[in-house]
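Dropping a structure here in structure tokens format, bear with me for questions.
Predicted model, so just to flag it, every value in this text is computed and none were measured. Numbers restart at 1 for each chain; the letters A, B, ... are given by sequence-line order, proteins then strands.
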Amino acid sequence: MASPGGAALQRHAAVAVLRAAAAAGDLSRVKALHAQIIRAAHFHVVLHNNLISVYAKCGQVGLARKVFDAMPFRNAVSGNLLMSGYSSSGRHKDSLALLREADFGLNEYVLSAAVAASAHVRSYEMGRQCHGYAVKAGLAGQPYVCNAVLHMYCQCARMEDAVKVFENMSGFDAFAVNSMINGFLDRGQLDCSVRIVAGIMGEVERWDDVSYVTVLGHCASMKDLVLGGQVHAQALKRRLELNVFVGSALVDMYGKCDRANDAQGAFDVLPEKNVVSWTAVMTAYTQNELYEDALQLFLDMETEGVKPNEFTYAVALNSCAGLAALRNGNALGACALKTGHWDHLVVGNALMNMYSKSGSIEDACRVFNSMPLCDVVSWNLIITGYAHHGLAREAMEVFHYMLSVGEVPSYVTFIGVLSACAQLGLVDEGFYYLNTMMKAFGVTPGKEHYTCMVGLLCRAGRLDEAERFIVDNCIGTDAVAWRSLLSSCQIYKNYGLGHRVAEQILQLKPNDIGTYVLLSNMYAKANRWDGVVKVRKQMKERGVRKEPGVSWIQVGTDVHVFTSEDKVHPQIDQITIKLEELIDQIKAIGYVPNFAVVLHDIEDEQKEEHLMYHSEKLALVFGLIHTPTGETIRIMKNLRICDDCHVAIKLISTVTSRKIVVRDAVRFHCIEGGVCSCDDYW
DNA sequence: TACACTCCAA
């Protein structure tokens with residue numbers, strides 16, 4: 001009989017080789033050693049626990065389970081090892097099931113694993129029971145248990161419970177603080193995360209790596225560039241800007257704070273870039289409307305050999321949506337399908353968004369119908385997509401269908417619904433949704449909803465009520481609502497009210513050119529040249545420059561960009577000839593150039609030429625020349641389409657028998673047979 | 001005596 005010391009030595013040796021084999025990833029060697037151990041050695045719980053551990057680390061949790069089942073008895077470590085094995089392969093439910101049949105002791109390790117598994121499956125019930133058990137067993141004060149419990153409550157959206165646990169903890173604990181901040185961020189309770197972040201800014205030396213990631217996430221949500229910069233400076237002291245987690249969080253923070261260049265800078269210094277860092281920097285560009293740069297990064301990433309995942313596809317598709325690049329989006333969708341990412345919710349939603357923003361609501365619907373599962377975002381995309389395309393009836397139909405299948409509408413859903421009501425002139429229904437149904441679903445109306453209501457009243461011609469509505473609901477500080485009313489004053493030729501509204505808008509000192517153009521048009525139509533002068537003066541004072549009108553169209557794989565009065569396009573002569581021809585044709589059926597649109601003090605003849613070279617007309621003619629007869633033409637414009645072009649394009653759709661879809665800064669105009677889906681109201 | 005545990009980025 002070997003001495004006890006000798007057996008211990010053998011066990012140590014066996015464990016060492018076992019671990020070496022596992023570290024080398026040599027599964028067949030592990031299995032051979034397993035057989036040898038069973039044959040040669042007496043049962044020893046620690047040795048068998050090592051077997052469980054090694055199998056679990058090799059991702060062979062089934063084999064780990066076999067070892068576990070074959071043991072004559074187990075201890076808490078055996079249970080904990082198998083539970084962690086299940087958890088690390090994502091089988092949290094199996095981990096919890098093991099707990100229920102437990103014939104091993106429960107200690108603080110097992111409990112924290114159980115609580116962590118409850119957190120992963122978001123089971124408040126299970127997590128609470130474990131917490132209760134921990135309290136009874138006197139283990140609730142153990143730091144690991146405590147942190148796991150805290151995190152579980154955060155994951156299950158029970159911040160009140162989490163706060164109670166947090167307040168009972170003594171001293172600074174990075175894990176606990178990180179969990180609390182993330183919990184509040186996930187729930188959108190920024191006022192609460194502000195307090196925690198403020199409380200730990202003085203203890204930076206006790207932060208861990210995750211704290212940097214978490215606090216940067218807070219800065220991103222708050223768009224707090226000042227605090228974000230301070231955290232960045234602190235991170236530099238520890239060289240944490242090189243850590244891929246911290247680096248990606250920095251990229252995200254700068255992106256959300258509208259600093260695409262700084263995001264790129266944080267990305268560039270990363271020695272090891274993974275799919276998350278690449279996706280983060282693409283997102284930064286997309287959020288800052290630098291869509292081409294984002295798509296270029298997508299190509300660079302592939303060149304670097306990093307494989308895109310579902311988030312990467314979603315961001316790339318959102319960039320295509322921004323450009324209305326239907327063909328590129330289509331190609332990306334095909335790639336996502338081929339690589340098996342297509343059935344992810346984020347990809348399906350991004351595809352729907354891309355199709356919808358590219359003017360193809362039919363394709364968006366096709367994606368929607370083929371999605372294995374959808375969420376409220378998918379429903380919202382369909383509803384708002386229909387509304388933007390002027391298909392309000394369809395939007396309402398989908399909304400009612402959504403309710404009938406028990407889907408809960410959100411804040412965004414009601415924006416789509418109310419704008420559909422506005423298009424259909426359903427004033428009473430609109431107020432019913434705003435005052436009754438939104439309350440029933442616990443959605444607090446925001447300025448977007450109130451703005452829809454203003455549009456609804458305006459469209460019904462109830463301009464005075466719209467004015468009162470703005471004042472009563474305190475949205476008078478928002479130029480968007482006034483702008484809506486101002487457009488209607490022009491349409492209904494109510495220049496008295498229009499003048500009052502214009503004064504209100506001027507007082508708000510807006511920064512966007514679109515508003516000034518609208519104001520100027522209003523004054524011009526009302527023959528108030530003093531107003532036009534005032535508008536120009538304020539524009540100059542506020543440094544608002546006239547943003548050039550840009551339109552673009554995709555033909556084949558190329559995107560062709562046209563700026564207004566830009567006569568440098570290589571095919572401008574051909575375009576001009578065709579355009580003059582078309583203008584003659586539409587003049588024959590009633591087109592009269594609308595000089596009121598032109599703001600310059602020039603002769604009428606020059607004005608006519610000016611109008612002719614509007615970017616959307618150039619893009620349209622280019623499309624007519626380069627696409628086969630009968631094909632739908634899709635044009636994008638950075639500003640709102642101008643009155644004159646709107647009329648001209650409607651008539652051109654008649655004389656050429658083409659369907660023409662124009663996406664402007666606000667909505668879609670689906671023009672066919674001389675009629676526009678916007679009903680000439682936009 | 002040996003075996004193990006909680007928080008993070010798009």
Which parts of residues 141-174 of chain A get close to DNA chain B, meaning a heavy atom less than 4.0 angstrom away?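 Residues of residues 141-174 of chain A that come under 4.0 Å of DNA chain B are, in numerical order, Y144(A), N147(A), H151(A).
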Taking atom CZ as the centre, does R187(A) end up with more than 12 heavy-atom neighbours from other residues, nucleotides or ligands that are less than 6.0 angstrom away? no
Applying ring pair (Phe, Tyr, Trp, His ring centres under 6.0 Å) as the test, list every pair that has at least one member in residues 48-84 of chain A; sequence neighbours left out.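 Residue pairs with at least one partner in residues 48-84 of chain A: H34(A)-Y55(A), F43(A)-H48(A), F43(A)-F73(A).
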Using chain A heavy atoms and a threshold of under 4.0 Å, write down where along DNA chain B the contacts begin and end, 5' to 3'.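 Answer, 5' to 3': dA2(B) to dA10(B).
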With sequence neighbours left out, which residue pairs that include part of residues 66-79 of chain A fulfil the salt bridge (charged side-chain N to carboxylate O under 4.0 Å, His left out) condition? R65(A)-D69(A), R74(A)-D103(A)
Inter- and intrachain pairs under salt bridge (charged side-chain N to carboxylate O under 4.0 Å, His left out), touching residues 123-141 of chain A, at least two apart: E125(A)-R128(A)
Going by atom type alone, with no hydrogens or angles, which donor-acceptor pairs under 3.5 Å involve a side-chain atom of residues 308-324 of chain A and a protein atom two or more places apart or on another chain?
{"residue": "N309(A)", "atom": "OD1", "partner": "F311(A)", "partner atom": "N", "Å": "3.0"}
{"residue": "N309(A)", "atom": "OD1", "partner": "T312(A)", "partner atom": "N", "Å": "3.2"}
{"residue": "N309(A)", "atom": "OD1", "partner": "T312(A)", "partner atom": "OG1", "Å": "2.9"}
{"residue": "T312(A)", "atom": "OG1", "partner": "T279(A)", "partner atom": "OG1", "Å": "3.0"}
{"residue": "T312(A)", "atom": "OG1", "partner": "N309(A)", "partner atom": "N", "Å": "3.1"}
{"residue": "Y313(A)", "atom": "OH", "partner": "T339(A)", "partner atom": "OG1", "Å": "3.4"}
{"residue": "N318(A)", "atom": "OD1", "partner": "N353(A)", "partner atom": "ND2", "Å": "3.1"}
{"residue": "N318(A)", "atom": "ND2", "partner": "A314(A)", "partner atom": "O", "Å": "3.4"}
{"residue": "S319(A)", "atom": "OG", "partner": "T286(A)", "partner atom": "OG1", "Å": "3.0"}
{"residue": "S319(A)", "atom": "OG", "partner": "V315(A)", "partner atom": "O", "Å": "3.2"}

Donor-acceptor side-chain pairing of N182(A) and S179(A) below 3.5 angstrom: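 No.
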Would you mind writing out the side-chain donor-acceptor pairs for residues 193-208 of chain A within the sub-3.5 Å range, not counting sequence neighbours?
{"residue": "S193(A)", "atom": "OG", "partner": "L190(A)", "partner atom": "O", "Å": "3.1"}
{"residue": "S193(A)", "atom": "OG", "partner": "H218(A)", "partner atom": "ND1", "Å": "2.9"}
{"residue": "E203(A)", "atom": "OE1", "partner": "R206(A)", "partner atom": "NH1", "Å": "2.7"}
{"residue": "W207(A)", "atom": "NE1", "partner": "I200(A)", "partner atom": "O", "Å": "3.1"}
{"residue": "D208(A)", "atom": "OD1", "partner": "N178(A)", "partner atom": "ND2", "Å": "3.1"}
{"residue": "D208(A)", "atom": "OD1", "partner": "V210(A)", "partner atom": "N", "Å": "3.2"}
{"residue": "D208(A)", "atom": "OD1", "partner": "S211(A)", "partner atom": "N", "Å": "2.9"}
{"residue": "D208(A)", "atom": "OD1", "partner": "S211(A)", "partner atom": "OG", "Å": "2.8"}

Using a 4.0 Å heavy-atom cut-off across all strands, classify D252(A) as base, sugar-phosphate, or nothing.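 Sugar-phosphate contact only - D252(A) comes under 4.0 Å of backbone atoms but never of a base.
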I'd like to know if R158(A) and D161(A) make a salt bridge, using a cut-off of under 4.0 Å between side-chain N and carboxylate O.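 Salt bridge absent between R158(A) and D161(A).
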So, with a heavy-atom separation below 4.0 Å from DNA chain B, the residues of residues 267-289 of chain A are N274(A), V276(A), T279(A), A280(A), T283(A)
Heavy atoms only, 4.0 Å cut-off, all strands: where does R74(A) land among base, sugar-phosphate and nothing? nothing
Strictly distance-based, threshold 3.5 Å: is any side-chain N or O of S95(A) a donor or acceptor partner for the main-chain N or O of R91(A)?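 Not confirmed, S95(A) side chain does not pair with R91(A) backbone.
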Give me each pair satisfying salt bridge (charged side-chain N to carboxylate O under 4.0 Å, His left out) with a member in residues 325-350 of chain A, each pair once, sequence neighbours excluded.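 Non-adjacent pairs meeting salt bridge (charged side-chain N to carboxylate O under 4.0 Å, His left out): zero.
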With a 6.0 Å cut-off (strictly less than), is the heavy-atom count around NE2 of H44(A), excluding the residue itself, greater than 12? yes
Keeping to residues at least two apart or across chains, list the ring pair (Phe, Tyr, Trp, His ring centres under 6.0 Å) pairs with something in residues 157-195 of chain A.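 As it turns out, there is no ring pair (Phe, Tyr, Trp, His ring centres under 6.0 Å) pair with a partner in residues 157-195 of chain A once direct neighbours are skipped.
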Listing request: all salt bridge (charged side-chain N to carboxylate O under 4.0 Å, His left out) pairs with a residue in residues 272-294 of chain A, at least two apart in sequence or in separate chains. none
Near DNA chain B, counting only heavy atoms under 4.0 Å, which residues of residues 190-225 of chain A show up? D208(A), V210(A), V213(A)
